[in-house]
Amino acid sequence: MIDLRLLRRDPAGVKAAIARRGEDTGPLDRVLEADARQREAAEARDRVRNEIKTISREVGGLHKEGKADQASDLQERSRALGVEEVALAAESDALLAEIADILLRVPNVPADQCPDGADQSDNVVVRVEGYDKGGYSDHQRVPHWEVGEELGILDVERGAKLSGSMFVMYTGGGATLCRALVQYGLDRNADAYREMRPPTLVRTETMTSTGHLPKFADDAYHLERDDLWAIPTAEVPLTSLARDEILEEADLPMKLMAHTSCFRREAGSAGRDTRGLLRVHEFDKVELLAYTTPDQAAEVHADILARAEAAILDLGLAYRILDLCAGDLGNSSARTFDIEVYAPGADQWLEVSSVSWFSDYQARRANVRYRPAGEKGTAVVHTLNGSGLAVPRVWAAVVETHRQPDGTVAVPEPLRPYMRGAAAIG
RNA sequence: GGAGAGGUGGCCGAGUCCGGUUGAAGGCGCUCCCCUGCUAAGGGAGUAAGGGCCCAAAAGCUCUUCGUGGGUUCAAAUCCCACCCUCUCCGCCA
């Protein structure tokens, strides 16, 4: 969540920043108002509590001296104060709850460098690599769901039979390609990112820390009986790893990666991009994530972007990088670069990585802090993450881009070691 | 699933039966200082987090926190209730 003290100190600035997203700033005014009243109530409550504690100490003293009989006036007075205390505390608590309730739904403040804009059409194209509009041959213009069926490497129908539409099954060489992509995604980042394998079912608090709850509950699978949520990305468990912990500055930046399944209900997008692998409910992904100091954030952001980009480049795929405008920015993010891969068969740009800097928004929710070296006290860390490799869409782009005139799919060089040396699928 | 034990500060661990100035003994770790050819050992001091007030800042004042939530009381780490979690043994199991 955003920093309440920052909002207090610079209400106009914060409101202007939130407004860049096209968000209503009314809730912020309500927070400011409730906050002022809350502090007043809490102050009054604390004064009463102080008095009660003083009296209790006096009563204790009298008991020790064997003059317990002289304590009744004090006890009477304290009892009366107790009634006051309860009322003031209730007022303060109610206001606190109201503030938290609103603040948990207020998105992050966009970074200054984040471009202006209302929606996805205003995103800034930073660069396009490997895309040659007229340079694709007919054999590359076959959508992957057709290639998949033709070669027997993707079974959309049986996926639907097992689990419903937008669940897919990879078969044979297609399944191997999935696994190859995952291992490729992990191994190339193992020099700097520590491999983790977190649980895929998590508690409500864990989903709340990253900003996926309460606002986006409809997008996630929820197991009612056990009150567990299926993670939509490894970002969720990895960001909560250090929840309520204080890290040493020497341990930062802390760079982690994880391969997990990811589950998304895609509630708002029924009927859109449903063909093949364009949008699926369950998929595999290698996520890169880091905890940093504020000073380290920019460099690590660039590092994750460079790694995600290189993974696509090395597979011989065309892609472009977008600097998301304020209006299209994800709820928790302060700045995001999207990597979109070009799939010539489907003739679409597919988002394969969102490389985001969350500033202290998630870390404040998760209460992850660090001890700045040489200073006293603690500070909130920054979190960043991005997909190192998201399987289905990359799978689609590989299959379409590298489809040969004979209908087989050439395996990009770097994947071959993970494909039992195979140079082609089909 | 059955039975039992337990959740206290960065860690270990007292305190809980018999409520009172205990944010909490002791130890470890860490920081600084002293001492010592170096190191080790030794001596001394310090060492939780969060909120609010004040403030240029520092300092200071104050409240909260002994798993969580509620209750009893002038006063709760200590008493009562509910819940959560962890561990051990048995059973089952990849």
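Just so you know, these numbers use all the heavy atoms, side chains as well, and skip hydrogens, waters and symmetry mates. Lettering follows sequence order; numbering is per chain, from 1.
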Presence of [X] side-chain N/O under 4.0 Å of [N] phosphate oxygens OP1/OP2:
{"X": "Ser78(A)", "N": "A75(B)", "answer": "no"}
{"X": "Arg371(A)", "N": "A49(B)", "answer": "yes"}
{"X": "Arg8(A)", "N": "G52(B)", "answer": "yes"}
{"X": "Asn50(A)", "N": "C63(B)", "answer": "yes"}
{"X": "Lys53(A)", "N": "U64(B)", "answer": "yes"}
{"X": "Arg5(A)", "N": "G51(B)", "answer": "yes"}

key: More than 12 heavy atoms of other groups within 6.0 Å of Glu299(A) CD   = no
Students often get this wrong, so: under 4.0 angstrom with heavy atoms, is [X] touching a base, only sugar-phosphate, or nothing?
{"X": "Arg369(A)", "value": "sugar-phosphate"}
{"X": "Ser72(A)", "value": "nothing"}
{"X": "Gly61(A)", "value": "base"}

ask   = Do Arg393(A) side-chain atoms and Glu351(A) backbone N/O form a donor-acceptor pair below 3.5 Å?
value = yes
query = Does any N or O in the side chain of Arg371(A) come within less than 3.5 Å of the main-chain N or O of Ile246(A), such that one atom is a donor and the other an acceptor?
reply = no
For [X] and [N], what is the distance between atoms [atom1] and [atom2] respectively, to the nearest whole Å?
{"X": "Ile246(A)", "N": "C30(B)", "atom1": "CD1", "atom2": "C1'", "answer": "14 Å"}
{"X": "Glu65(A)", "N": "U21(B)", "atom1": "CD", "atom2": "P", "answer": "15 Å"}
{"X": "Arg9(A)", "N": "C55(B)", "atom1": "CZ", "atom2": "P", "answer": "17 Å"}
{"X": "Asp244(A)", "N": "C85(B)", "atom1": "CG", "atom2": "P", "answer": "16 Å"}
{"X": "Leu247(A)", "N": "G10(B)", "atom1": "CG", "atom2": "C1'", "answer": "13 Å"}
{"X": "Leu62(A)", "N": "U21(B)", "atom1": "CG", "atom2": "P", "answer": "15 Å"}
{"X": "Arg243(A)", "N": "A49(B)", "atom1": "CZ", "atom2": "C1'", "answer": "17 Å"}
{"X": "Glu51(A)", "N": "U62(B)", "atom1": "CD", "atom2": "C1'", "answer": "13 Å"}

Contact residues, residues 85-95 of chain A to RNA chain B [heavy atom, < 4.0 Å] = none
Proximity to RNA chain B (any heavy atom under 4.0 Å), residues of residues 29-44 of chain A only = Arg39(A), Glu43(A)
query = Taking a pair as Watson-Crick (N1 to N3 plus N6-O4 or O6-N4) or G-U wobble (N1-O2 and O6-N3), both under 3.5 Å, which stems of 3 or more consecutive pairs involve RNA chain B?
reply = B:1-7 with B:84-90, B:10-12 with B:26-28, B:29-34 with B:42-47, B:48-53 with B:60-65, B:67-71 with B:79-83
Contact summary for Tyr184(A) and Tyr418(A), nearest pair of heavy atoms = CA-CE1, 3.5 Å
Closest-nucleotide ordering on RNA chain B, the 5'-leading residue of Arg57(A) and Leu74(A) = Arg57(A)
note = Considering only heavy side-chain atoms of Arg79(A), the closest of C85(B), U73(B), C63(B) is U73(B)
note = Closest to the side chain of Gln75(A), out of U64(B), G50(B), C74(B), is C74(B)
What interatomic distance, in whole Å, is found between [atom1] of [M] and the corresponding atom of [N]?
{"N": "C80(B)", "M": "C17(B)", "atom1": "C1'", "value": "15 Å"}
{"N": "C66(B)", "M": "G7(B)", "atom1": "P", "value": "14 Å"}
{"N": "A25(B)", "M": "G46(B)", "atom1": "P", "value": "13 Å"}
{"N": "A77(B)", "M": "U86(B)", "atom1": "P", "value": "26 Å"}
{"N": "C35(B)", "M": "C18(B)", "atom1": "C1'", "value": "48 Å"}
{"N": "G10(B)", "M": "U68(B)", "atom1": "P", "value": "14 Å"}
{"N": "C61(B)", "M": "G70(B)", "atom1": "C1'", "value": "31 Å"}
{"N": "G19(B)", "M": "C79(B)", "atom1": "C1'", "value": "7 Å"}

Checking side chain to side chain contact (heavy atoms under 4.5 Å, CB included) against [X], which of [options] comes through?
{"X": "Val106(A)", "options": "Val14(A), Thr25(A), Leu28(A), Leu7(A)", "result": "Leu28(A)"}
{"X": "Met257(A)", "options": "Leu288(A), Leu389(A), Leu289(A), Asn385(A)", "result": "Leu288(A)"}
{"X": "Val202(A)", "options": "Thr210(A), Val236(A), Leu228(A)", "result": "Val236(A)"}

Carboxylate-amine/guanidinium proximity below 4.0 Å for [X] and [Y]:
{"X": "Glu33(A)", "Y": "Arg37(A)", "answer": "yes"}
{"X": "Glu245(A)", "Y": "Arg369(A)", "answer": "no"}
{"X": "Lys15(A)", "Y": "Asp29(A)", "answer": "yes"}
{"X": "Glu287(A)", "Y": "Lys285(A)", "answer": "yes"}

query = Is the shortest heavy-atom distance from the side chain of Asn108(A) to the side chain of Asn331(A) under 4.5 Å?
reply = no
ask   = Testing Thr206(A), Thr200(A), Thr204(A) for side chain to side chain donor-acceptor pair (under 3.5 Å) with Trp229(A), which one passes?
value = Thr204(A)
task = Show your working on side-chain hydrogen bond (donor to acceptor under 3.5 Å, both in side chains) between Asp3(A) and Tyr361(A) and close with a plain yes or no.
result = CA-CA 8 Å; Asp3(A) 186 356; Tyr361(A) 184 89; over 6 Å; no
